[in-house]
Amino acid sequence: MAKAYWLFKSDPEDFGVAELKKCKNKTSLWDGVRNYQARNLLRDKIKVGDGVLFYHSQEKPPAVVALAKVVRAGYPDPTQFDKRSKYYDPKSTHEDPRWFVVDIRHERDLKRPVTLPEIRETPGLDKMVLVNRSRLSVQPVRPDEYKIIVKMGQST
DNA sequence: GCCAACGTTGGC
DNA sequence: GCCAACGTTGGC
């Protein structure tokens, strides 16, 4: 199957690119997603080798800042079973886990951030989920959209 | 910090 | 199964 692309949103106050790079092998599980649409993507659609646009929300301006790669496909989110975690979900069971994660590895930072206002103005990117359904925290990206953003992030 | 958009919950 | 109330996200 052809490689697919995704956009993962993070709040850099909480867990941004800097934190991902500090992880062992620059790899971390992507935990805490508690939205069913995003869950379905993590569980069913996102595969090893897929490309990830790493996006910082809550920034001025919000922007795609780095590229990452999926290194492990969907498995149950351990935080849902951890009573001390803010992501603990008492209704979830090991037999029938409700929430899923994937592992991603940091590949490289873009030479410059590609900002949301820019993305809105760029022909070919106006159909992105990011522009139209901004609250979805894990979302599909078309290959042509991915290429355009990577290219924008190359130029100074 | 505000608030619009939108997802979730729960009473009926 | 509807929908009002409520909580959260995220751009500005």
Side-chain angles (χ1 to χ4, degrees), chain A residues 4-23 28-46 50-70 73-104 106-142 144-153 155:
Chain A
Y5 299 95
W6 312 95
L7 183 144
F8 284 20
K9 258 188 233 177
S10 82
D11 178 355
E13 288 279 304
D14 182 25
F15 186 94
V17 167
E19 284 73 26
L20 180 61
K21 284 200 277 191
K22 274 181 226 152
C23 293
S28 174
L29 76 171
W30 198 254
D31 63 11
V33 173
R34 294 295 181 266
N35 168 286
Y36 286 103
Q37 225 180 317
R39 186 281 307 269
N40 293 344
L41 296 174
L42 292 168
R43 186 186 58 189
D44 305 329
K45 303 289 184 198
I46 302 181
D50 284 356
V52 172
L53 296 173
F54 199 107
Y55 178 86
H56 279 172
S57 60
Q58 317 284 115
E59 287 260 278
K60 320 179 281 188
V64 176
V65 293
L67 305 179
K69 183 172 272 193
V70 177
Y75 62 99
D77 184 343
T79 64
Q80 70 195 306
F81 306 122
D82 180 359
K83 285 203 173 69
R84 290 159 309 172
S85 169
K86 66 172 171 175
Y87 298 123
Y88 176 64
D89 184 348
K91 292 183 197 150
S92 187
T93 63
H94 284 86
E95 293 70 35
D96 186 21
R98 182 177 292 193
W99 306 113
F100 284 74
V101 295
V102 299
D103 289 356
I104 62 168
H106 178 265
E107 292 270 284
R108 63 181 171 86
D109 292 339
L110 295 178
K111 288 214 180 82
R112 64 172 188 89
V114 177
T115 69
L116 181 59
E118 264 184 287
I119 288 170
R120 287 188 191 284
E121 286 171 9
T122 304
L125 298 182
D126 55 318
K127 297 277 164 46
M128 283 187 74
V129 179
L130 183 67
V131 173
N132 297 296
R133 263 196 223 116
S134 80
R135 289 189 59 198
L136 191 59
S137 65
V138 171
Q139 46 182 265
V141 175
R142 296 209 317 256
D144 54 312
E145 295 165 341
Y146 180 87
K147 282 199 200 87
I148 293 169
I149 288 177
V150 170
K151 192 171 177 198
M152 288 165 79
S155 57

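Note: hydrogens, waters and symmetry copies are ignored here, and every other heavy atom, side chains too, is used. What you see is a predicted model; the values in this text were computed from it and never measured. Just so we're on the same page: letters track the sequence lines, and every chain starts at 1.
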**Asked** Just wondering, do Leu125(A) and Ile149(A) contact through their side chains at under 4.5 Å, heavy atoms?
**Response** yes

**Complete:** Shortest non-hydrogen pair, Asn132(A) vs Asp126(A), comes out as ND2-O, 3.3 Å

**Prompt:** Is any side-chain heavy atom of Tyr146(A) closer than 4.5 Å to a side-chain heavy atom of Leu67(A)?
**Reply:** yes

**Message:** If only side-chain N and O atoms count, and only distance matters, is there a donor-acceptor pair under 3.5 Å linking Tyr87(A) with Asp82(A)?
**Reply:** no

**Pairs flagged by salt bridge (charged side-chain N to carboxylate O under 4.0 Å, His left out) wherever residues 87-97 of chain A is involved - sequence neighbours left out** = Asp89(A)-Arg98(A)

**Asked** Taking the six-membered ring for Trp, are Tyr36(A) and Trp99(A) ring centroids under 6.0 Å apart?
**Response** yes

**Request:** With sequence neighbours excluded, tell me which residues meet salt bridge (Lys or Arg N to Asp or Glu O under 4.0 Å) with Asp11(A).
**Result:** none

**Asked** Do the rings of His94(A) and Phe81(A) sit parallel, tilted or perpendicular, given the 30° and 60° boundaries?
**Response** parallel

**Request:** Quick one, give me the B/S/- string for nucleotides 4-12 of chain C, reading 5' to 3', where B means a protein heavy atom under 4.0 Å from the base and S means that only happens at the primed atoms, P, OP1 or OP2.
**Result:** ----BBBSS

Table please: side-chain donor-acceptor pairs of residues 53-61 of chain A below 3.5 Å, with sequence neighbours left out.
unit_1: His56(A); atom_1: NE2; unit_2: Val17(A); atom_2: N; d: 3.1
unit_1: Ser57(A); atom_1: OG; unit_2: Ser10(A); atom_2: O; d: 3.3

**Item:** Test: Asp77(A) and Arg34(A) ion pair at under 4.0 Å
**Value:** yes

Check the interface with nucleotides 1-3 of chain C: list each N/O to N/O pair with the protein under 3.5 Å, or write none.
none

**Asked** By a strict heavy-atom criterion of less than 4.0 Å, which residues belonging to residues 32-44 of chain A are in contact with DNA chain C?
**Response** none

